[in-house]
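Structure first, then comments.
Remember, predicted model here, so these are calculated numbers, not experimental data. Residue numbering restarts at 1 for every chain, and letters A, B, ... go by the order of the sequence lines.
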Amino acid sequence: MTRQTIIPFGPQHPVLPEPIQLKLVLEDKKVVGAIPSIGYIHRGLEKLAQQKDYIQSIFLIERICGICSFLHSMAYCQGIEEMMNVEVPPRANNLRIIWAEMHRIHSHLLWMGLLADSFGFESLFMEIWRCRETVLDIMEETAGGRVMLGVCTVGGVRRDIPPELIKKVLATCDELQAHFDHFIPSILNDYSVKQRTVGVGVLTKEVALERGVVGPVARASGVVMDHRVAKYGAYANFDVEPQIEQDGDCYARSKVRVRELYQSLDLVRQSVATLPEGEFNIPVKGNPDGEVISRVEQPRGEVLYYLRGNGSKFLDRMRVRTPTFANLPGLLAMIPGCELSDVPVIILSIDPCISCTER
Amino acid sequence: MITNIIPVTLDTLLSKVGEIFLQKYRLITISCTDLGEYIDVLYHFDKNYEITNLRLRLERGQEVPSISSIYFSAVIVENEIQDLFGVPVKGLVLDYGGKMMLAEASPKAPQANCPAAAPAE
Amino acid sequence: MPPAYCLMPIMFTFVRTLFRNLSRKPATRTYPFTQREPFANFRGHLTIDPAVCIYCGICAKRCPANALVVAKSPKSWTLDPYKCILCSYCVEACPKKCMTMRPEHQRKDA
Amino acid sequence: MSAFSKSPWVVHYNCNSCNGCDIELLACLTPMYDLERFGVLNVGNPKHADVLVVTGSVNHRNAPVLKNVYDQIPDPKVVVALGVCTSTGGIFAECYNVLGGIDKVIPVDVFVPGCPPRPEAMIDGFVKALGILEEKRGGKDTGSAEKPTITLFPPAVE
Amino acid sequence: MSSSPTFLQYFLTLVVVLVAPLIGGILNGFDRKITSRLQSRIGPPLLQPFYDVFKLLQKKPMVLNRIQIMYAYLHLAFMILTIVILALGQDLLMALFIHAFSTIALVIGGMSVRSPYSRIGGQRQIMQMLAYEPVLVFLVIGIYRVVGMQSGTGSFLASQAMSLGQPLLIPLPLMFVSFFIAILIKLHKSPFDVSTSHHMHQELVKGVTLEYSGPFLALIEITHFYETFLLFALIACFWGTNLLVGAVLAAVCFFGMLVVDNACARLTPVWMVRFMWTVPMAMCLCNMVWFYL
Amino acid sequence: MTPLLLSLLVVAPVVFGALAWFLPDGKARKGVVAFSAIFMIALGIFTATQGAFHYELGSWAGPASLLLEAAIMALVLGIAVKVRSWPIGIMVIFQLVVAVAEHVMAHEGAEHGVLFILDPLSTILMLTVSVVGSVIVYYAIGYMDVHAHHAPPTNAGNGRFFFILIGFLGMMNGLVLADNLRWLTIFWEATTLCSFLLIGHDGTEIARANAKRALLINTFGACGMSLASFTAATAAVGATGTLTGITTAHLIIPMAFLCLAAFTKSAQLPFQSWLLGAMVAPTPVSALLHSATMVKAGSYLVLRLAPAFAGERFMVVVAVVGAFTFAVTSALAVSQSNAKKVLAYSTIGNLGLIVACAGIGTPLAYTAALMILCFHAISKGLLFLCVGTIEQQIGSRDIEDMGGILFKLPMTTTITMIGQASMLIPPFGMLMSKWLAMEASIQHPVMLVLVVLGAALTVFFWCKWLGRIQTASFHSHYTMEKLPTAMLVSVVILAVGVVGSALAILPLFHHVFVPVAAGAFKLSPSTLAPLNDVIGFVVWPVVITIVVALALTLLTRRKITEAHVSMPFLCGENVKGTESYLFRGPMEQTTEAWAGTFYFLSIFDETRITQWSNLVAGLLLLTLLGVIKVL
Ligand code: SF4
Ligand code: SF4
Ligand code: SF4
Ligand code: SF4
Ligand code: SF4
Ligand code: SF4
Ligand code: SF4
Ligand code: SF4
């Protein structure tokens, strides 16, 4: 009786931080279908990485995505190191974890702000992003870049964190924790926020498994999966407890990430506490050869690098499967049945990063 | 280095994937490499942080069957392979027809190493 | 979902933060009116001492973004700041260490 | 400056950006940098905007979108290109699907270098754009922005 | 009762019509400034809303069709008319209807283009009306009851309140609260900013105002100034016996509105209607019951 | 003069109709129809200028009424047999029995009340019938020409159609003028019959089914009518058997039966289903019978009786039923995309509002009711005609299909917009009267809530529709559509009527409605003087505002050329070209962006709401009976 509403949602849409299009089909006010159109950010980075030498590629790979740039370079370097049988000095491993977990904090804060914005809670967004600046400052001070750290390299890290800065890192952790305590209740308890997240965009455990979602999205649906448990790098020294929720809705995804914020703070502190003295990188010689798969837990979930060297300084194949890529099919399962006003919240609840999805 | 690689052929691919599916593996992704004389396709599956790979050797011009009816999540990556390597994928549940990642004006099959792989205009 | 009015007590959880913000000075850094001392390590922009440089071209070779062009004769060193991704790789690679990554960003009118 | 350039409303379009520039732009709007001090409002759509802020280079799919967004901004308008990708393609310039800087598609008034430019640099760019906006209102043809390279020669040895 | 207005009244009305947008604009300036401070920012200058309007007026007009334009003018014209009618001491309920038509004009203007976001925004705007209009009607009727008129002859609220000898707020506390909530909707504040909003990210982009740009958007902004003025003037009238107290009341409400706006997520349109038709409506009715008992 | 006028008013249409039936399809018939329309308008206006009159028939009237009634009953019985509906049959026989019984048992005095009365109230109704009705009849000339091509071939030809249509005007006049309850019943039944035949005109399955339903429900109402007549004529005290005679609380039983009859005719809840079904009829029928005139008969009855019973507890129930109907149908209208159904629901709602106002029973409410009655007739008549035209031009009556008709049918659409605006914008009559209704219901909290909610919902669905029909892209030129003269002229007349009545609302209010209301309450108009203040000022400021806004628009509009037109915001994916609402979607396919209207089917679910509200309304009716019992 009523005609279907068909609207393009994106690529230029204020709630979408990045261009992607969903062709939304609505019946009355229910969304009945969403077909994604991607490719707005496809650059062809994998191919370019095969044309640059494997060290230059690090800088390229950081720019797969500006949000978890460090984790990309870390995953890549770990892969190359495995291929070249390089033993990374322990100090470098711990430093990597400090940066990686700070990156996770900044990424989760960024996401939380955007989520707040997607349901129109502007001041919460502002507050969270203000908090995020604290992390950016310390990253800038330790690594030399606010979002592009550029510190990871094959064989270790390019910079050490001197003792006085280490103190500052710890101080920042305390500052952050205090700040979190201020606004986290609003994300978790506020009535208006819960109205927008509880029961919205439900992904059941079965569907989550079937669609192969990863990271907080999977964990919020009750799937126990956190690659840090697999103890790569310095995670071998720490116990990481995956944060699991059962409900699979946007609220559960928030809860998972909120707990991960505290968990990351903890990991930063632990890794500072156990920071060994010594070298922070070792020179590498030769060229990579062979095939490796390197997996790292990014803020959005597991990233997979498949690297194939041929003994020259150019790789035969640099392949990356990023978390959002894996989460997209899950997203498509969440949307139908919701209302138009829930679409942004659902999209943001998977913390989409199209840049890495399309590379 | 990658250890557990199970070679499959075009004929055994689907049945093997089906088997793996029943063992509750999760599909991580599919990696495709154009090695010049042939195309190497690796299917990565995960269970409890352990990876199992299926390796498929694809001759030029061969069509690969889609596993998207078994693993829906393969849809995007298979479309991507179709776009970027010019490998036709048969039986996709949602077929973008080579226009998912690439626009009309983009270079065709840009990641294929052999120009012959690019579909004729 | 219980009806709205049952949950009134946990509404407005954010008010406390708002008043806290109101009672303090704004967090804003009033750039360009005041300028913060840059962190010493920040990779802001690239400079070179042309007198030390030997125009060997290693930096250009290493640059992942092709932002540098070094000519041997006549000797010149050209940086395209609109290509440079500020990675500092060239700085590390330079045999004469004649390049520096300055911690301030490049000013528009500079 | 008249009232005109005190109210630059912004629409942001992310072309091929790696997000680095995007999040720095967003950071500019947040309390630490607070672009709204200059009257900047992120209106999120071209129809209400005066300033088009672009991040990332253009590729074959987003080039028409960028053009469209640009066309839908009522005159007078300025374009601010943030980051090296937007200026030249940056590190991605050689990628097969990258066409290069956005000046291939639309005229650009201000380029802000950096990868990503830090918020202070972005603010500089905005301030410059405001001046251009004012000139454009006066009907002046401001031409398009330049991307000068820095070339140094060995000092003449005596 | 409502004899024809005197010359003085006409003159005062003219003054009000001229001054209203200035006050409304300043209020909006305060809105943005205080909001910024609540968010720990410095925020724009106080006169920013005027800069915005001046700028918009200087932009090149851009439309999708020509009918749109009519509705922008009607939106403004009827808003001014509402103020005129109130200032001339005419019937409140009729003023309310005319005010409603101002909003209807905006809705229809938004719906007269085929642009999907604008249309959906238009429909959400109607839902907003659906949500608050009954509350406003009850308020007006409550005022009638208090002021004790057999039929709805109206006169300027303040003078009514004065003739009553006690501020309207005393007999109408619950209605006042409902009215305050209705104001949140009227001014597109969270949690009710469903059809358009100042907040930057909205699923409907700019909703009903999306396809208005340049000078036509300026008209809508000016209307918004008028409306802000009108609503807070009405609030002040709740303490009409002493307009100074009334002004303080309005200021407190204004600040309260900003706090609520900044402390809530946007809720869904359906939630909004459901809420408005239960809680504030119930409050109105309770308040009303006092009179009938 | 009086007998002549009277017979002309009642009989002339029948004669003209018969003439139209027997003349061949073509110029001649059209001429007759057109002439009869003009004649009836003239006659109506002339009669109105003659002032009030009474007319008493001779003693033959009693037996004659019985005969006529028997004849009609026989007809209905025949139909009942044909459509195989035993309930109708039983009810008809019942009525017949009651009629005979009444004849036998009636008090002596009752026979003397064989009166036809033209008082101010009936004048208003008579004028509405003659003027609006005739314009609609005239419109039908054009409509039926086209309709014949669209509709499935029927055995009921156009001739018969016009016969009934024109003849109906006579019956309606009779109904309005009759004071004797027997005669009233006859005309009442006659209109039902007309309605039945016209609904079934197209002869489709659904048309026949709906016609049957209409007959069933209205016959049920007619039973009430018969019983009312019977009880009024045989009541122990004050029996006169006339409508105007029902003035005292003793006659509350006939009053109740009359209300029942009125509710069915005016399709109040829970009897609304027949009116919705009636929308299958050709649009002039919907306009004439099912919105502008016949359904008003019910509310007219209530109006006529209301003053005498004002303040009775019983009337409160009546009022609540009306207000409830208004609220519920407004909600239901929100969920409809079928334009005629929206109009139908809105009609029922407004009838409910009239009933509610009558139930309130204050002079103010009464005035409001009168105003709604008149203005609604004009506005709704106009809207129906517009929808009819649109339907013929675009082949759909779905509101969703009406996007863009502003370009295809600029004239019709503009007029439709006026019609719709008249339902929700000051100073148009409908809004003014709704306003009065609200002011009037201030004293009654329950009603107030219902009326306010209803009014809010009304705004909702009118806005949605209004927005839809004027959705258009930019066009630099509009060309007037070509319509049959009859359609165009009649639509324009009504549109002028709508606008004119809006401009003249003050004089109309002061000089027509207030005096009529005063008369009904047997008060002198001067006692109602405070009412004049109510509406004192608003018209001119509003008109000036609109004019200024329009003038500014025209000024600005001139400067807007193609160069200022931009593409819609489609998130940047616009496809350039002539149809600029295409966007590039997945797989590089272009799709048309389309924002459908929200109907909130899940909230305003028609079936569910209907069930519940019928239940509530049924309970209310039972309360009505209970209240009577208590008395
Ligand atoms: S998911 Fe991808 S784009 Fe997003 S932050 Fe991580 S790497 Fe970046
Ligand atoms: S590497 Fe150093 S010395 Fe060589 S050209 Fe570059 S800057 Fe000069
Ligand atoms: S680094 Fe020095 S020695 Fe080596 S190639 Fe360059 S100029 Fe020659
Ligand atoms: S900068 Fe370019 S040309 Fe130079 S070495 Fe690197 S990849 Fe080769
Ligand atoms: S900093 Fe990096 S990008 Fe810039 S010139 Fe040096 S190597 Fe090239
Ligand atoms: S300039 Fe750098 S940070 Fe900005 S989008 Fe490009 S790669 Fe990312
Ligand atoms: S009219 Fe709308 S856009 Fe304008 S100020 Fe008001 S809420 Fe904002
Ligand atoms: S061109 Fe478009 S807007 Fe105009 S009439 Fe046709 S469909 Fe409607």
Handout entry: N/O donor-acceptor pair under 3.5 Å between A:R319 side chain and B:I30 backbone
Key =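 Here the side-chain-to-backbone pair exists.
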Problem - Donor-acceptor pair, side chain of A:R295 and main chain of B:Y49, under 3.5 angstrom - result: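 Pair found, side chain donor or acceptor close to backbone of B:Y49.
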Can [X] and [Y] be counted as an ion pair, charged N to O under 4.0 angstrom?
| X | Y | answer |
| --- | --- | --- |
| B:D40 | A:R317 | no |
| A:E210 | B:K24 | no |
| A:R321 | B:E80 | no |

Problem - More than 12 heavy atoms from other groups under 6.0 Å of CG on A:D239 - result: no
Problem - Atom CD of B:E59 with >12 non-hydrogen neighbours under 6.0 angstrom - result: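 Yes, the 6.0 Å shell around CD holds more than 12 heavy atoms from other groups.
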When rounded to the nearest 0.5 angstrom, what is the spacing between [atom1] in [X] and [atom2] in [Y]?
| X | Y | atom1 | atom2 | answer |
| --- | --- | --- | --- | --- |
| A:L315 | B:T33 | CG | OG1 | 11.0 Å |
| A:L332 | B:I76 | CG | CD1 | 6.5 Å |
| B:S31 | A:Y305 | OG | OH | 12.5 Å |
| A:E302 | B:D46 | CD | CG | 6.0 Å |
| A:I293 | B:I51 | CD1 | CD1 | 4.0 Å |

Handout entry: Residue B:N53 versus chain A: region with a heavy atom under 4.5 Å
Key =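 Side chain only.
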Exercise for the section: Heavy-atom distances under 4.5 Å only: say whether B:L42 touches chain A with side chain, backbone, both or neither. Expected result: side chain
Completion exercise
Assert top hit (heavy-atom pairs under 4.5 Å, partner chain A, pool B:I28, B:N79, B:L84) equals B:I28
Problem - Choice from B:V75, B:V77, B:L27 maximising heavy atom contacts with chain A below 4.5 Å - result: B:V77
Exercise for the section: Go through the atoms of A:V229 and report whether side chain, backbone, both or neither lie under 4.5 Å from a heavy atom of chain B. Expected result: side chain
Handout entry: Segment of A:L304 engaging chain B (4.5 angstrom heavy-atom cut-off)
Key = side chain
Practice task
Please name the pair of heavy atoms, one in B:R26 and one in A:V213, separated by the smallest distance, quoted to 0.1 Å.
Solution key: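 Answer, listing the atom of B:R26 first, then A:V213: CD-O, 4.4 Å.
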Practice task
Provide the closest heavy-atom pair for A:P329 versus B:S73 in the form atom of the first, atom of the second, distance.
Solution key: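 Taking A:P329 first and B:S73 second, the nearest heavy atoms are CG-CA, 3.9 Å.
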Exercise for the section: Can you sort out the partners of A:S37 under side chain to side chain contact (heavy atoms under 4.5 Å, CB included), two or more places apart, ordered by chain and number? Expected result: A:Q21, A:Y40, D:R61, F:P586
